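For reference, the structure discussed in these notes is given below.
Note on naming: letters A, B, ... go to the chains in the order of the sequence lines (proteins, then strands), and numbering restarts at 1 for each one. Just so it is clear, the structure is predicted and the values come from calculations on it, not from any experiment.
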Amino acid sequence: MNAFSFEMLTNYLMLGAALMAVGMLGFLSRRNMIVMFLSAEMMLQGVALTLVGFGRYHGNWTGQVFTIVILTVAACEASIALALILVLFNRRSSLDVSLWQEIREPGQPPTMDRASEAEPEPASTGPETYPHLLIAGREPAHPVEAWTHRRD
Amino acid sequence: MDAISRLDLFTVIAVIVLGATGTYLLLPHGHGRTRPKLAHQVGYALSALSALILMAMMRFGKADVEILSKAFFYVFAFGAVFGAILTVTSRDPIHSALWFAAVVLATSGLFLLSGAQFLAAGTVIVYAGAIIVTFLFVIMLAQKEGRAIYDRMARSPFLATLAGFLLLFTLLYSLVGIQKKGPAATDHNAYVAGGRIVPASERLGMNSRSLSPDQSKVFNRAVSDANRLPEATIAEAKGTHVADGTHVAGLGATLFTDHLVTVELAGALLFVALIGALALAPPRAPIRPTVPVIVSEPASPARLT
């Protein structure tokens, strides 16, 4: 029978929907511009899965051709967006998207980020830490006499 | 409109509730008095459980899919969904980029399983090869010491989780509905039957006698010969031997005949993006003030004479 059944098509559609929804979640909630952009790319991946599944089910190449176009657009988008992120980082020296709130739509209230809601910072090990090495081999005999005799 | 059965509805709701709770616990923000480590472990467990239940919703129908390709499908699908959640919730942007690379690899595996070999290779090369590496460069350029506050704090995590998983709920609900119902009763959609591609005219229930020559011309124009998947792809999926090289050749044939304008447009788009990135990226004087350049006074015309 069919090598690519209708049920397989719905499997691909469900996976594409999951990637799309999780990507949207990340784009809405994360504040790091790079992570936001990665989430947008993940939404594109979900759409690509959907298109490839449809193309295979209908037995033509159109889905794959469209996915190639998506790949091209994603590459262009990545280059432009990374250039923009670099420019924005040079201006504010931070990747926080909340620092760019003055370009929001007029009439919108600004988002207030309360620092008390942030996760506690992980304990820093300090600027100079060295790995703790395990003792290996036999401890050599210490030359104790050399400085005990110095007293007299 | 048929409602889906109670068991399916329960499964969908379980996926949504577990996934939403797990993702909410994993998103970076202070959890009140709960210890963050405990919240993270519970979050990992719940989202993995949600992804596993989503895997249990996958059906293969009557098609005799090999056990190995089924296993690969499950592995890739689970990797894609779980990697997606970890991409979105990682505190370290480097970890996010690496998990995104894992998502891309899983997706290209799924492409390979659905007979899109060229796309699988292209996705790995373009995404995992080029885009991720550029991302890592930018992250390392723009990273500071320690964990920044914007990485430790998601913006309104509850509302974002609610929105994302509500979208997923509506999509899964409708998809499970059509999965149970199957394609339309008249089966007009069965483009591939019995291991061969059904032509457009036959698919619409019209034999060649009932079609005027003009009509059959229209049908054949709608899906041109080059645009049809080769029967080799179908035979390959059934395990029979086919000659190598048919697949990418077919994709190239349709890409450079039916979609020639698309190819040209994509090339033009890449070129424009290249120019745009070059125009945007270099730093300008007011952004990075350096040592002020001493401008020498212009030579007076009197001295020149």
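Note on residues 40-52 of chain A: pairs passing side-chain hydrogen bond (donor to acceptor under 3.5 Å, both in side chains), not counting sequence neighbours, are A/Glu41-B/Tyr127, A/Gln45-B/Thr107.
Contact of B/Ile139 with chain A is made through backbone and side chain together, with heavy-atom distances under 4.5 Å. Of the two parts of A/Leu44, only the side chain, counted from C-beta on, holds a non-hydrogen atom closer than 4.5 Å to a non-hydrogen atom of chain B. Of the atoms belonging to B/Ala97, heavy atoms from both backbone and side chain fall under 4.5 Å from chain A. A/Ala17 touches chain B through backbone and side chain together, each having a heavy atom under 4.5 Å away. Residue contact with chain B, scored on non-hydrogen atoms closer than 4.5 Å, involves the backbone and the side chain of A/Val22 alike. Interface remark: B/Phe137 contributes no atoms to any contact with chain A (heavy atom separation under 4.5 Å). Of the two parts of B/Leu270, the backbone and the side chain both hold a non-hydrogen atom closer than 4.5 Å to a non-hydrogen atom of chain A. Within the 4.5 angstrom heavy-atom criterion, no atom of B/Leu265 approaches chain A. For A/Leu86, the part lying under 4.5 angstrom from a heavy atom of chain B is the side chain only. Using a 4.5 Å cut-off between heavy atoms, B/Val176 contacts chain A through its side chain alone, with no backbone atom that close. Contacts of B/Thr87 with chain A are made by both backbone and side-chain atoms, with heavy-atom separations under 4.5 Å.
With hydrogens and angles disregarded, no donor-acceptor distance shorter than 3.5 Å links the side chain of B/Arg59 to the backbone of A/Met8. A donor-acceptor contact shorter than 3.5 Å is absent between the side chain of A/Arg31 and the backbone of B/Arg152. Not one N or O on the side chain of A/Asn32 forms a donor-acceptor pair closer than 3.5 Å with the backbone of B/Tyr150.
With rounding to the nearest 0.5 angstrom, the NE2 atom of B/His259 is 10.5 Å from the CZ atom of A/Phe66. Rounded to the nearest 0.5 Å, atoms CZ (A/Phe37) and CZ (B/Phe100) are 9.0 Å apart. Expressed to the nearest 0.5 Å, how far OG of B/Ser90 lies from CZ of A/Arg30 amounts to 7.5 Å.
For the options A/Val97, A/Ile85, A/Leu19, heavy-atom pairs under 4.5 Å to chain B are most numerous at A/Leu19. Across B/Pro157, B/Ala77, B/Gly276, the residue that shares the most heavy-atom pairs under 4.5 angstrom with chain A is B/Ala77. Per-residue heavy-atom pair counts under 4.5 Å with chain B were compared for A/Ser93, A/Gly46, A/Cys76, and the maximum is reached by A/Cys76. Counting heavy-atom pairs closer than 4.5 Å to chain A, the top-ranked of the candidates B/Leu110, B/Leu171, B/Ile131 is B/Leu110. Per-residue heavy-atom pair counts under 4.5 Å with chain B were compared for A/Leu49, A/Leu28, A/Leu9, and the maximum is reached by A/Leu49. Residue with the most contacts toward chain B among A/Met42, A/Met20, A/Met24: A/Met42 (heavy-atom pairs, distance under 4.5 Å). Of all the listed residues (A/Leu84, A/Thr111, A/Leu25), the one sharing the greatest number of non-hydrogen pairs under 4.5 Å with chain B is A/Leu25. Comparing A/Ser94, A/Ser39, A/Gly53 by heavy-atom pairs within less than 4.5 Å of chain B, the highest count is held by A/Ser94. With chain A as partner, the option from B/Ile85, B/Thr123, B/Leu113, B/Asp151 having the largest number of non-hydrogen pairs under 4.5 angstrom is B/Asp151.
Residues B/Phe60 and A/Asn11 have side chains in contact (heavy-atom distance under 4.5 Å, counting atoms from C-beta outward).
The local environment of CZ in B/Phe76 is crowded, with over 12 non-hydrogen atoms from other residues, nucleotides or ligands closer than 6.0 Å. The neighbour count for A/Glu105 CD, taken as heavy atoms of other residues, nucleotides or ligands under 6.0 Å away, does not exceed 12. Within 6.0 Å of atom CZ in A/Phe89, more than 12 heavy atoms from other residues, nucleotides or ligands are found, so the atom counts as buried in its surroundings.
Nearest heavy atom pair, residue A/Ala21 against residue B/Leu168, reads CB-CB, 3.6 Å. The two residues B/Leu54 and A/Ala18 make their nearest non-hydrogen contact at CD2-CB, 4.2 Å. Of all heavy-atom pairs between B/Leu27 and A/Ser29, the closest is CD2-OG, 3.7 Å. The minimum heavy-atom distance between A/Ser79 and B/Ala277, with the atom names listed, is O-CB, 4.1 Å. Across all their heavy atoms, B/Leu175 and A/Thr10 have their closest contact at O-CG2, 4.2 Å. Nearest heavy atoms, B/Ile178 versus A/Phe6: O-CE2, 3.1 Å.
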Could you walk me through whether B/Phe73 and A/Leu15 pass the side-chain contact (heavy atoms from CB on, under 4.5 Å) test, one step at a time?
CA-CA 11 Å; B/Phe73 178 81; A/Leu15 282 178; 4.0 Å; yes

Could you go through the side-chain hydrogen bond (donor to acceptor under 3.5 Å, both in side chains) check for B/Arg155 and A/Ser98 one step at a time?
CA-CA 9 Å; B/Arg155 167 170 298 144; A/Ser98 300; 2.3 Å; yes

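Residues of residues 67-74 of chain A lying within less than 4.5 angstrom of chain B, judged on heavy atoms, are A/Thr67, A/Ile68, A/Val69, A/Leu71, A/Thr72, A/Val73, A/Ala74 in numerical order.
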